[in-house]
Amino acid sequence: MGKSSKDKRDSYYRLAKEQGWRARSAFKLLQLNSHFNLFSNVTRVVDLCAAPGSWSQVLSRTLPPTSTIVALDLQPMTPLPGVITLQADITHPSTLPLLLSHLGNKAADLVISDGAPDVTGLHDLDEYIQSQLLLAALNLATCVLVPGGGFVAKIFRGRDVAVVFAQLRCLFDRVTCAKPRSSRGSSIEAFVVCEGYRPPPGFKPSLEAPLGLSTTFSKKSMTTREDENLSEGVQEIILADLEDGEREASWYIAPFIACGDLSAFDSDATNQLPEVDEFGQKRASIDPIQPPTAPPYKTALELRRQLGGGGAR
């Protein structure tokens with residue numbers, strides 16, 4: 001969590017520090033769970049793009065102590081009690097056997113991902129990169145999910161978001177677009193909640209041949225998930241060669257759900273928190289629970305110094 005003036009005015013930022021969460025994003029998962037009951041009958045969970053670890057914290061505090069929680073990120077992450085932390089690339093083939101070994105070679109009941117790229121401000125580019133990150137997380141999820149399992153991931157609602165929904169709908173019984181109350185209304189951020197993992201016949205998940213780079217759906221199979229007319233060896237959805245009418249027929253409009261109690265704080269408003277917290281203690285400003293382990297700006301400054309550009313130490 002940062003400590004800018006905007007952060008200081010954010011109720012969820014302050015509540016996250018008070019309650020010991022590593023980031024305000026913990027409330028997003030809590031509000032998603034309150035609506036979808038994501039953690040019901042879940043014993044093995046994979047948290048992708050997990051750093052700094054707030055979603056893994058929610059899992060460790062909510063699931064039974066006997067549960068297996070594996071958190072994976074390309075960046076280093078400070079360890080958490082009851083959570084297996086791995087530093088690995090979700091797109092690299094060597095990650096899958098590593099992940100499965102920590103799951104006891106058993107399938108996961110739930111895969112979650114709160115990963116997002118460093119935004120550029122070019123909205124079309126940011127939406128595209130985010131969709132590719134989501135599909136990378138989905139590709140790994142299909143390799144470890146148990147039939148009937150769930151998948152939750154961050155998505156940017158852009159112009160072609162219905163195409164992503166259609167891709168997800170081919171693999172899951174239910175796909176919902178959800179907006180937690182702790183997610184700022186001014187942001188295009190939302191979350192896809194996919195329930196009932198049910199891959200089509202012939203689907204063979206693989207990190208060596210990821211979604212988007214292997215065999216394709218036939219045009220006939222691009223209509224709805226219920227028709228079951230899916231070709232053998234199906235691995236991706238290709239829309240580039242479809243006519244306009246066929247493209248529209250292949251889209252899927254996911255239901256949109258707002259999550260969180262209406263009495264909860266508005267993430268876009270500056271709220272005055274009560275002078276005392278829920279335990280009767282007087283509120284005071286405190287430092288972030290978990291500062292960044294390896295913030296990108298430090299790497300940038302080090303590279304600048306190596307190139308002779310100076311920079312503050």
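Excluded from the calculations below are hydrogen atoms, water molecules and symmetry mates; all remaining heavy atoms, backbone and side chain alike, are included.
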To the closest 0.5 Å, what do you measure between CD (Q130) and CD (Q132)? 10.0 Å

Is there a path of hydrophobic side-chain contacts, each under 4.5 Å between heavy atoms of I/L/V/M/F/W/Y residues, joining L140 to I129? no

Should L135 and Q167 be marked as a side-chain contact (heavy atoms from CB on, under 4.5 Å) after you check the CA-CA gap, both sets of side-chain angles, and the distance that decides it? CA-CA 9 Å; L135 291 176; Q167 292 173 309; 3.8 Å; yes

How many angstroms lie between CG in L100 and NZ in K106, if you round to the nearest 0.5 Å? 13.0 Å

Can you tell me how far apart OH (Y13) and CZ (R24) are? Round to the nearest 0.5 Å. 11.0 Å

Can you find a pair of side-chain heavy atoms, one from L103 and one from L99, that are under 4.5 Å apart? yes

State, yes or no, whether a side-chain contact exists between F203 and L171 at a heavy-atom distance under 4.5 Å. yes

Hphob cluster co-occupancy, V146 + Y197, side-chain heavy atoms under 4.5 angstrom: no

Would a line drawn from the ring center of W55 to the ring center of F39 be shorter than 6.0 Å? no

Indicate the atoms forming the closest heavy-atom contact of V46 with A108, along with that distance. CG2-CB, 4.0 Å

Anything under 30° is parallel, anything over 60° is perpendicular, the rest tilted; go ahead and classify F151 against F172. parallel

Residues in side chain to side chain donor-acceptor pair (under 3.5 Å) with D126, at least two apart? T120

If you take all heavy atoms of G20 and Q57, which pair is closest and at what distance? O-NE2, 3.0 Å

Ignoring hydrogens and angles, tell me if any N or O in the side chain of Q31 forms a donor-acceptor pair with the backbone of P180 under 3.5 Å. no

Closest non-hydrogen atom pair between L96 and C143, with its separation: CD1-CB, 3.6 Å

For N139, is there any backbone N or O sitting under 3.5 Å from a side-chain donor or acceptor partner on T142? yes

Might you work through the side-chain contact (heavy atoms from CB on, under 4.5 Å) test for I112 and L48, ending with a clear yes or no? CA-CA 6 Å; I112 60 177; L48 303 177; over 6 Å; no

Transitively linked via ILVMFWY side-chain contacts under 4.5 Å: F256 with F165? no

Taken to the nearest 0.5 Å, the spacing of L86 CG from I90 CD1 works out to 13.0 Å

What's in the same ILVMFWY side-chain cluster as V119, cut-off under 4.5 Å, chained through other members? F156, I188

Within a strict 4.5 Å, meaning less than it, do heavy atoms of the T68 and V45 side chains meet? no

Does T95 use its side chain to pair, donor to acceptor, with the backbone of D89 at less than 3.5 Å? yes

Heavy atoms of L145 and G150 approach each other most closely as CD2-O, 3.5 Å

May I ask whether V164 and Y128 are part of the same hydrophobic cluster, defined by side-chain heavy atoms of I, L, V, M, F, W, Y residues being less than 4.5 angstrom apart, directly or through others? no

Would you say the side chain of I84 lies within less than 4.5 Å of the side chain of I69, judging by non-hydrogen atoms? no

Which residue, T85, D114, D47, forms the side-chain hydrogen bond (donor to acceptor under 3.5 Å, both in side chains) with S56? D47

T62 meets the side chain to side chain donor-acceptor pair (under 3.5 Å) criterion, sequence neighbours left out, with none

Straight-line distance of I155 CD1 to C177 SG, nearest 0.5 Å: 6.5 Å

Rounded to the nearest 0.5 Å, what separation is found between the CZ atom of R44 and the OG1 atom of T66? 10.5 Å

Distance-only polar pair, side chains of T43 and D109, donor-acceptor under 3.5 Å: yes

Tell me, do F27 and Q19 make a side-chain contact under 4.5 Å, heavy atoms counted? yes

Salt-bridge contact K28-E189 (side-chain N to carboxylate O under 4.0 Å): yes

Report yes if some heavy atom in the side chain of R22 is under 4.5 Å from a heavy atom in the side chain of L80; otherwise report no. yes

Measure across S60 and V83 and return the closest heavy-atom pair with its distance rounded to 0.1 Å. CB-CG2, 3.9 Å

Nearest non-hydrogen partners of A178 and L32, listed with the distance: CB-CD2, 3.6 Å

Could you check if a side-chain atom of I257 sits within less than 4.5 angstrom of a side-chain atom of K179, using non-hydrogen atoms only? no

Between the main-chain N or O of V161 and the side-chain N or O of R157, is there a donor-acceptor pair closer than 3.5 Å? no

Answer yes or no: is there a side-chain heavy-atom contact under 4.5 Å between V144 and V111? yes

